[in-house]
Number of protein chains: 2
Amino acid sequence: MNSKPIDLDSIHSPADIRSMSIDELTQLAAEMRTALMRKLSARGGHVGPNLGMVEAIIALHYVFDTPTDKIVFDVSHQTYPHKMLTGRMQAFTDPAHYGDVTGFTAPEESPEYDLFSIGHTSTSLALASGIAKARDIRGGHENVVAVIGDASLGGGEAFEGLNYGSTLGTNFIVVVNDNDMSIAENHGGIYADLRLLRNSNGTAEPNLFRSFGYGYRYVHYGNNLRSLIEAFRAVKDIDHPVVVHINTMKGLGLPVAEADKEKFHYNGPFDLKTGASLHEAPAGEQAEDYTDVFANHILDRMATNPLITVLTAGTPGAVGFPPERRREAGRRFIDVGIAEQMAVGMTAGLAKEGVRPVFAVVSTFLQRAYDQLSQDVAINGQPAVFEVFHTGVFGMNDETHLGFFDIAMISNIPGINFLAPTCRQEFLAMTDWAIKQTSQPVVVRVPGGAVVDDASCAIAEDYSKPSYSVTRQGKGIALIGAGNFYYRMAEAADILKEKGYEPTLINPRCLSALDTETLDSLRDYDIVITAEDGIVDGGFGQKVAAYLGEARTKVLALGLPKEFPNRYRADEMIKMCGLEPSQIADAAIAASAR
Amino acid sequence: MNSKPIDLDSIHSPADIRSMSIDELTQLAAEMRTALMRKLSARGGHVGPNLGMVEAIIALHYVFDTPTDKIVFDVSHQTYPHKMLTGRMQAFTDPAHYGDVTGFTAPEESPEYDLFSIGHTSTSLALASGIAKARDIRGGHENVVAVIGDASLGGGEAFEGLNYGSTLGTNFIVVVNDNDMSIAENHGGIYADLRLLRNSNGTAEPNLFRSFGYGYRYVHYGNNLRSLIEAFRAVKDIDHPVVVHINTMKGLGLPVAEADKEKFHYNGPFDLKTGASLHEAPAGEQAEDYTDVFANHILDRMATNPLITVLTAGTPGAVGFPPERRREAGRRFIDVGIAEQMAVGMTAGLAKEGVRPVFAVVSTFLQRAYDQLSQDVAINGQPAVFEVFHTGVFGMNDETHLGFFDIAMISNIPGINFLAPTCRQEFLAMTDWAIKQTSQPVVVRVPGGAVVDDASCAIAEDYSKPSYSVTRQGKGIALIGAGNFYYRMAEAADILKEKGYEPTLINPRCLSALDTETLDSLRDYDIVITAEDGIVDGGFGQKVAAYLGEARTKVLALGLPKEFPNRYRADEMIKMCGLEPSQIADAAIAASAR
């Protein structure tokens with residue numbers, strides 16, 4: 001490289017790169033990549049997606065007249081280079097400012113360049129279709145660009161958007177970032193077609209994009225600035241919908257990320273040379289989490305029960321199934337790609353025919369299959385099993401990935417038995433029972449936070465009917481702690497005991513129906529307090545409050561706020577919600593004294 | 001036709017037709033079609049879909065070894081011929097038994113032949129993929145057939161299923177019933193490709209199905225038994241996924257239905273010759289419903305506000321937009337096809353750019369876009385407007401189309417203002433306000449049942465914050481009636497008044513947040529009763545009960561049960577739920593006396 005060094009910090013907006021030569025842009029890409037690797041290795045983040053898109057994002061901002069021209073990035077976990085070029089360079093060059101930006105497009109950081117807060121996949125085509133249609137209604141002329149990865153393309157909203165977008169009849173540019181990878185490998189028939197297109201330099205038929213009605217252009221060297229710029233220039237100001245299919249390399253420039261694309265899709269801090277993760281306990285001493293507990297247990301059960309089949313929708317690692325465990329599970333581990341609707345529908349078909357499907361899914365992503373839970377599974381009473389991970393206040397804390405809406409969403413669908421285990425022992429017992437029974441759909445809410453061992457936990461033979469476990473019988477004050485918040489209640493009970501009260505302590509086990517016999521026994525209590533690791537609205541505690549609405553007992557339903565907090569701290573959130581054991585005890589005393 | 005008449009009532013299972021000649025099958029089709037037309041004209045139902053599929057369904061049961069071979073019908077509103085051949089003929093030949101069967105596949109009618117209760121579109125590929133995978137896991141060899149219409153193909157779950165299904169690697173037969181129609185016309189890029197395939201006798205490229213990885217076979221005469229039987233025989237026992245694309249005629253055999261495919265997609269009783277609807281009031285005296293109220297009003301507003309844009313997801317008629325109104329709205333009426341996710345995502349894009357999108361949607365179908373409401377709209381605070389139709393106990397009563405889950409679904413998503421108007425005047429005022437404001441997403445829950453005029457309804461200037469309308473100030477007893485159930489509460493208040501009580505009567509207007517000031521004023525009441533036209537679980541009343549959980553007042557939350565009742569009677573349901581005004585008054589008296 002003969003170009004002289006570029007001062008990254010002198011780039012404040014895309015206008016600052018538009019007068020650069022190709023050589024300078026190439027130099028810019030190299031320096032951005034170096035800065036990215038330095039930050040990613042120090043702080044962690046989406047490694048592969050960002051390293052693979054450095055050139056494409058430079059070329060987009062170079063060719064298109066952003067922010068007048070509009071770009072919507074799908075998932076938006078590949079937008080670190082975009083942030084670098086749009087006024088946020090310091091967050092990537094200065095370690096003291098690494099924390100200034102989120103990992104996704106964020107309108108609050110850059111209202112001009114970041115159109116939406118995005119974190120779920122497959123939305124860019126629908127969002128950009130709206131932008132393009134609005135432009136046409138207003139009589140504007142700007143370019144509208146939707147950027148979407150090959151994996152995201154497999155989600156229902158993306159297909160719906162691809163289908164509708166081609167009928168816009170005006171400027172609509174879809175950049176398909178094809179790195180031949182999802183988080184793990186891709187799954188689905190379209191990926192064979194994408195491969196065919198890559199292998200034929202875009203000339204083969206059938207052509208998925210043409211079959212959806214798009215003009216089509218292929219860029220084989222999707223990490224080459226000259227090729228990209230040429231392609232984007234060719235479609236700039238085009239008067240009809242077109243797909244630009246670019247072939248990129250996930251993790252480009254970082255050998256360990258190129259070699260292990262799944263591990264380096266998203267990674268914590270790591271050693272740039274070896275790829276070894278930093279800040280981790282030595283092998284053998286690593287903290288076990290609930291994904292491990294689940295995966296090890298279910299693999300054990302699968303070994304003796306040939307009907308158990310585990311499904312994921314594109315997130316095998318997030319539910320405990322890295323490659324080696326997938327190999328162990330064999331053909332009874334099914335990855336349907338980023339297609340939660342398909343996964344849930346498929347569980348109904350599998351269960352109908354006697355197989356025991358277990359869909360392991362991240363809480364926030366199950367939102368994408370509400371209707372399928374209701375229609376395909378619940379109305380049909382199919383005994384599918386769902387294990388919902390990364391739930392509650394201890395789950396992911398980006399506003400787009402919150403794990404505390406699932407109680408309100410699932411527990412109000414008729415016919416679904418929604419179980420909330422408190423500890424490892426109960427989690428495994430409920431999972432075993434859910435798989436054994438064949439009478440109803442069962443959702444097991446995997447506890448958030450660290451694994452809790454509680455050998456004293458009362459295990460039931462049968463969880464088909466709501467049957468609360470009264471773990472401490474007292475009087476006057478009842479504390480009902482759901483799921484992993486049970487232990488907060490147990491601590492509050494201890495505090496109350498010390499202060500001379502005799503609280504009753506209850507693990508409700510089930511969040512979707514009420515054990516009316518137990519609740520009736522509380523009608524003369526002074527106060528019943530519920531706590532759940534989810535929003536209060538639409539949740540378990542409100543059901544209890546309504547059931548006891550005509551009783552003399554007061555009811556206080558504790559939980560999380562109906563909000564989308566962004567990058568909150570769990571400990572602060574818990575305190576704000578009055579969920580510290582001492583706060584709960586104080587509330588109980590205040591209510592019983594009144 | 002030379003064949004002798006066939007006694008339809010002698011057909012009890014598909015085995016009874018498998019020894020027939022092609023001529024006899026053709027005669028059978030003609031007689032089935034005649035019986036269908038007689039029943040459809042007398043009772044109403046899905047006219048076009050069933051008339052178009054008579055031959056294909058005969059051919060499927062003739063060629064495939066049902067019920068060992070499995071058929072999953074998408075939407076299943078085209079399965080009347082299937083029911084005729086699978087033990088339920090009498091429900092189509094004997095007027096006294098017309099009511100014996102539902103309009104959809106129904107396992108409770110025929111566990112062998114009807115695999116699932118289905119009513120939403122786009123699910124058959126996912127369900128059948130599960131059936132096929134279960135077969136492979138169990139080591140079975142039966143054929144698995146998914147039948148799907150061209151319109152249903154445009155839904156996200158169908159695309160996800162199409163994408164995954166082709167990777168099964170074993171027998172998986174997808175019959176695409178292409179009649180070139182949705183309920184109304186189709187919308188989406190794939191429909192140009194389907195047309196290309198039809199016009200080229202299946203030979204053209206690009207080929208959507210091949211691009212998804214399927215083998216492909218085209219049947220141009222999709223209402224010709226010989227062609228269909230030949231095609232199905234050719235794919236029977238095939239060892240890989242294949243699409244059989246059949247070109248059928250919606251409404252075939254009934255001239256009025258062939259001529260007006262949209263009107264005769266679903267119709268009430270009608271005159272076979274003229275197509276005129278029966279049991280309808282003469283022109284000019286027809287009962288106006290809320291879809292008319294909405295459409296006329298919004299068209300009026302669109303005439304003066306060039307930014308208002310109405311969207312539908314494939315159900316224009318169900319939200320008041322038959323063809324003539326669509327023409328009037330012009331390009332600012334957008335039908336995205338059966339793609340609710342796309343529609344909701346698109347509203348976010350439109351709103352972002354200053355257009356005022358109004359997505360008019362049927363309650364049960366909005367379930368398909370829960371995640372898009374949350375992510376694309378709510379997290380981004382986009383001021384999109386949603387008008388939710390066919391809500392509550394007076395909505396559709398098939399278990400797959402219930403309209404009373406939307407309160408629990410929508411009101412617990414942060415950041416969405418969910419308004420429940422009580423009458424025409426309030427409905428229009430809230431709609432106007434929702435369009436005018438640009439600060440938040442607003443859902444207007446269009447009241448179920450007959451249009452209510454209430455000139456005395458208190459209209460607010462601003463609905464951005466919850467502000468209950470106290471329409472009668474009393475003491476001791478408070479009745480809070482949400483949406484169209486407000487008037488039940490008003491009647492109950494009248495009864496109570498007659499009996500000497502002085503109830504306070506409240507229209508809460510908003511179901512997603514609490515007017516705590518008003519609620520605080522009720523803390524010393526004996527009893528607060530809420531009523532809402534939705535399930536109690538996760539609903540408005542439970543929020544009130546929880547808020548007042550520590551107050552001395554008793555709270556009774558009335559509403560519908562968390563169940564999937566099938567073809568219930570609204571009057572019986574209301575009584576069962578204690579929602580008759582006299583029942584409400586009795587409950588209030590009982591509680592205030594205690």
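Chain letters run A, B, ... following the sequence lines, proteins first and then strands; every chain starts at 1. All of these numbers come straight from a predicted model, not from anything done at the bench.
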Turns out that what part of B:Ser211 lies under 4.5 Å from chain A's heavy atoms comes down to both
Applying a strict 4.5 Å limit to non-hydrogen atoms, the region of B:Arg210 in contact with chain A is both
Highest number of heavy-atom pairs under 4.5 Å with chain B among A:His120, A:Gln372, A:Lys70 belongs to A:His120
Q: Please assess B:Arg332 against A:Ile137 for the test side chain to side chain contact (heavy atoms under 4.5 Å, CB included), listing each intermediate value before the final yes or no.
A: CA-CA 8 Å; B:Arg332 284 186 291 132; A:Ile137 288 171; 4.2 Å; yes
Heaviest contributor of heavy-atom pairs below 4.5 Å to chain B, chosen from A:Leu162, A:Val544, A:Asp136, is A:Asp136
Side-chain donor or acceptor of A:Arg552 paired with backbone N/O of B:Arg552 under 3.5 Å:
no
Hey, is the main chain of A:Met342 close enough, under 3.5 Å, to the side chain of B:Glu160 for a donor-acceptor pair? yes
Okay, A:Ala378 and chain B: the region with an atom under 4.5 Å from a heavy atom over there is both
In terms of heavy-atom pairs under 4.5 Å with chain A, the winner among B:Ala126, B:Ser124, B:Gly213, B:Ala545 is B:Ala126
If you tally heavy-atom pairs under 4.5 Å between each of B:Val72, B:Ile338, B:Leu115 and chain A, the highest tally belongs to B:Leu115
Margin query: Tell me if a side-chain donor or acceptor on B:Asp537 pairs with a main-chain N or O of A:Ser411 at a distance below 3.5 Å.
Written below: no
Scored by heavy-atom pairs under 4.5 Å with chain A, the best of B:Val355, B:Ile190, B:Thr167 is B:Ile190
From the list B:Pro414, B:Gly156, B:Gly130, B:Gly349, the residue making the most non-hydrogen contacts under 4.5 Å with chain A is B:Pro414
Okay, B:Glu399 and chain A: the region with an atom under 4.5 Å from a heavy atom over there is both
Under 4.5 Å to a heavy atom of chain A? For B:His187 that would be backbone
Between B:Arg138 and A:Leu307, the two heavy atoms sitting closest are CG-CD2, 4.3 Å
Bottom line for B:Ala351: the part with an atom under 4.5 Å from chain A's heavy atoms is neither
Honestly, the part of A:Lys543 sitting under 4.5 Å from a heavy atom of chain B is both
Distance col, row A:Leu208:CG vs B:Asn163:CG, nearest 0.5 angstrom, shows 8.5 Å
| request: Inspect the contact between A:Glu353 and B:Arg135 and indicate whether a charged nitrogen and a carboxylate oxygen are less than 4.0 angstrom apart. | output: no
Okay, B:Ile413 and chain A: the region with an atom under 4.5 Å from a heavy atom over there is both
Bottom line for B:Ile535: the part with an atom under 4.5 Å from chain A's heavy atoms is side chain
Comparing B:Thr553, B:Ile379, B:Val528 against chain A, the one with the most heavy-atom pairs below 4.5 Å turns out to be B:Ile379
Closest non-hydrogen atoms of B:Ala591 and A:Glu550, given as atom of the first, atom of the second and distance, are CB-OE2, 4.0 Å
Honestly, the part of B:Ser512 sitting under 4.5 Å from a heavy atom of chain A is both
**Message:** Is the distance from the ring center of A:Phe159 to that of B:Phe212 below 6.0 Å?
**Reply:** yes
Rounded to the nearest 0.5 Å, the CG atom of A:Asn207 sits from the CG atom of B:Asn207 at a distance of 12.0 Å
Interatomic distance, CD1@B:Ile118 vs CG@A:Asn380, rounded to 0.5 Å, equals 7.0 Å
Residue from B:Ala408, B:Ala546, B:Ser117 scoring the most non-hydrogen pairs under 4.5 Å with chain A is B:Ser117
Taking every heavy atom of B:Ser166 against every heavy atom of A:Gly189, the minimum-distance pair comes out as OG-CA, 3.0 Å
With side chain to side chain contact (heavy atoms under 4.5 Å, CB included) as the criterion, how do B:Phe365 and A:Asp371 come out once you've worked through the C-alpha distance, each side chain's angles and the decisive distance to 0.1 Å?
CA-CA 8 Å; B:Phe365 299 140; A:Asp371 193 51; over 6 Å; no
Honestly, the part of B:Gln382 sitting under 4.5 Å from a heavy atom of chain A is side chain
Taken to the nearest 0.5 Å, the spacing of A:Ile131 CD1 from B:Leu350 CG works out to 8.0 Å
Honestly, the part of B:Ala348 sitting under 4.5 Å from a heavy atom of chain A is both
side-chain hydrogen bond (donor to acceptor under 3.5 Å, both in side chains) with B:Gln341: of A:Gln341, A:Glu157, A:Arg368, only one passes, and it is A:Gln341
Bottom line for B:Pro306: the part with an atom under 4.5 Å from chain A's heavy atoms is backbone
When the 4.5 angstrom heavy-atom criterion is applied to B:Asn186 and chain A, the contacting part is neither
Of the listed A:Ala128, A:Pro357, A:Gly155, A:Pro561, the one with the largest count of heavy-atom pairs under 4.5 Å with chain B is A:Gly155
A:Glu205 side-chain N/O to B:Glu205 backbone N/O, donor-acceptor pair under 3.5 Å
no
The side chain to side chain contact (heavy atoms under 4.5 Å, CB included) partner of B:Lys133 among A:Leu311, A:Thr309, A:Ile334 is A:Ile334
Worksheet item: Looking at side-chain heavy atoms only, is the closest gap between A:Leu127 and B:Met346 below 4.5 Å?
Response: no
*asked:* Are B:Tyr370 and A:Phe405 an aromatic pair, judged by ring center distance below 6.0 Å?
replied: no
Heaviest contributor of heavy-atom pairs below 4.5 Å to chain B, chosen from A:Asp193, A:Asn412, A:Val336, A:Thr364, is A:Asn412
Of the listed A:Ala557, A:Gly337, A:Ser374, A:Ala192, the one with the largest count of heavy-atom pairs under 4.5 Å with chain B is A:Ser374
Rounded to the nearest 0.5 angstrom, the OH-CG distance for B:Tyr164 and A:Asp335 is 8.5 Å
Using modelled atom types only, decide if a donor and an acceptor are shared between the side chain of A:Gln375 and the backbone of B:Thr400 within a distance under 3.5 Å. yes
